[in-house]
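Only one structure is covered here, and it is reproduced in the block below.
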Amino acid sequence: MALLDDFVRDMQHTQNRHSYVDHGSDIPYIRSRDDVLRLLEEAEAMLFAQLAKGGDRR
């Protein structure tokens, strides 16, 4: 998965260059493929939960 490895490397580079990324904040810090996969799993669970409720009916 070269694309995922490239993404992780680019995210690490970006996070290290910008001071707004606080390692103690709610913003997830991408250190590895596992971090990306965990975020994707969390996003999937949130999406399915929203769909199960009938979505956002504004």
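Because the structure is predicted, anything quoted here is derived from the model rather than measured. Basis for what follows: all heavy atoms, side chains included, without hydrogens, waters or symmetry-related copies.
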Just so I know, are the side chains of [X] and [Y] near enough to count as touching, which here means a heavy-atom distance under 4.5 Å?
| X | Y | answer |
| --- | --- | --- |
| Gln12 | Val8 | yes |
| Arg17 | His13 | yes |
| Thr14 | Ile30 | no |
| Phe7 | Asp10 | no |

- Output the distance between atom CG (Leu51) and atom CE (Met46), rounded to the nearest 0.5 Å. 12.0 Å
- State the CZ-CD distance between Arg31 and Gln15, to the nearest 0.5 angstrom. 9.0 Å
- Query: Minimum heavy-atom separation for Tyr29 to Asp35, with atom names?
  - Reply: O-OD2, 3.4 Å
- Query: In chain order, what residues pass the salt bridge (charged side-chain N to carboxylate O under 4.0 Å, His left out) check against Asp34, with sequence neighbours excluded?
  - Reply: none
- Note on the structure: Residues at least two apart in sequence or cross-chain that pass side-chain hydrogen bond (donor to acceptor under 3.5 Å, both in side chains) with Glu42, listed by chain then number, are Arg38
- Query: Any donor and acceptor pair, going by atom type alone, linking the side chain of Glu44 with main-chain N or O of Leu40 inside 3.5 Å?
  - Reply: no
